[in-house]
Amino acid sequence: MSTPPELYRSFELLFGASPDAVAIAGGADIVYANAACERLYGYTDPAQYLGRPFLELIAPSSHALVLELVRRRAMGEPVPAVYRVRSRR
């Protein structure tokens, strides 16, 4: 899934200056990551991560939690706005 330029700019305005790593998935793929996320994972170019599977950023021990939250959100069920997972580098 590609991100329309205006949506990408909106993400950048909202999350670009955050000191926390923020990645946004569209479907199962990464459509945005802020500079803190790029630094955390050692990315130097958005082409390294845009369109790649979001679960590549998540440690296997956290996959079940993330997939369950995605499923619940897709079903319209309440999910936490913020949650912590283990990442992999």
Side-chain angles (χ1 to χ4, degrees):
M1 165 185 262
S2 64
T3 306
E6 63 278 359
L7 187 56
Y8 193 91
R9 283 191 296 279
S10 295
F11 291 156
E12 186 62 24
L13 288 171
L14 289 169
F15 305 111
S18 175
D20 296 321
V22 176
I24 297 175
D29 298 331
I30 301 167
V31 297
Y32 172 81
N34 69 354
C37 188
E38 290 175 344
R39 283 190 301 277
L40 176 67
Y41 289 100
Y43 296 131
T44 57
D45 184 337
Q48 293 174 285
Y49 57 84
L50 291 178
R52 297 192 57 93
F54 185 75
L55 285 178
E56 287 184 2
L57 300 180
I58 307 298
S61 62
S62 293
H63 282 189
L65 170 64
V66 170
L67 292 172
E68 175 61 14
L69 292 171
V70 167
R71 183 199 67 75
R72 287 176 50 199
R73 183 174 284 120
M75 298 298 292
E77 298 175 15
V79 296
V82 176
Y83 48 91
R84 293 187 184 270
V85 297
R86 295 187 67 85
S87 66
R88 70 170 145 191
R89 292 173 79 183

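All values below were derived from every heavy atom in this structure, side-chain atoms included, with hydrogens, water molecules and symmetry-related copies excluded.
- Distance check: Ile24 CD1 to Phe15 CZ gives 4.5 Å after rounding to the nearest 0.5 Å.
- Side-chain contact between Pro60 and Arg88: present, with at least one pair of heavy atoms (C-beta onward) separated by less than 4.5 Å.
- Note that CG of Leu14 is 11.0 Å distant from CG of Asn34, once rounded to the nearest 0.5 Å.
- Considering only heavy atoms from C-beta on, Glu38 comes within 4.5 Å of Pro46 through its side chain.
- With sequence neighbours left out, Ser61 forms a side chain to side chain donor-acceptor pair (under 3.5 Å) with no residue at all.
- Between atom CD1 of residue Ile58 and atom CG of residue Leu65 there is a gap of 9.0 Å, rounded to the nearest 0.5 Å.
- Cluster annotation: Tyr83 is connected to Val79 through the hydrophobic network of ILVMFWY side chains, with a link wherever side-chain heavy atoms come within less than 4.5 Å.
- Nearest heavy-atom pair across Leu69 and Pro80 is CD2-CD, 3.8 Å.
- For the residue pair Ser18 and Ala36, the shortest heavy atom distance occurs at O-CB, 3.8 Å.
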Inset, instruction - Check the pair Tyr49, Leu57 against side-chain contact (heavy atoms from CB on, under 4.5 Å), reporting the backbone distance first and the verdict last. - result: CA-CA 9 Å; Tyr49 57 84; Leu57 300 180; 5.8 Å; no

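- Within the structure, salt bridge (charged side-chain N to carboxylate O under 4.0 Å, His left out) contacts touching residues 49-58 (residues at least two apart or in different chains) are Arg52-Glu56.
- Under the 4.0 Å criterion applied to side-chain N and carboxylate O atoms, Glu68 and Arg71 are assigned as salt-bridge partners.
- The closest side-chain heavy-atom distance from Phe54 to Val70 is not below 4.5 Å.
- Note that the OH atom of Tyr41 and the CD1 atom of Ile30 stand 8.0 Å from one another [nearest 0.5 Å].
- The two atoms that bring Ala25 and Val31 nearest to each other are C-CG2, 4.1 Å, heavy atoms only.
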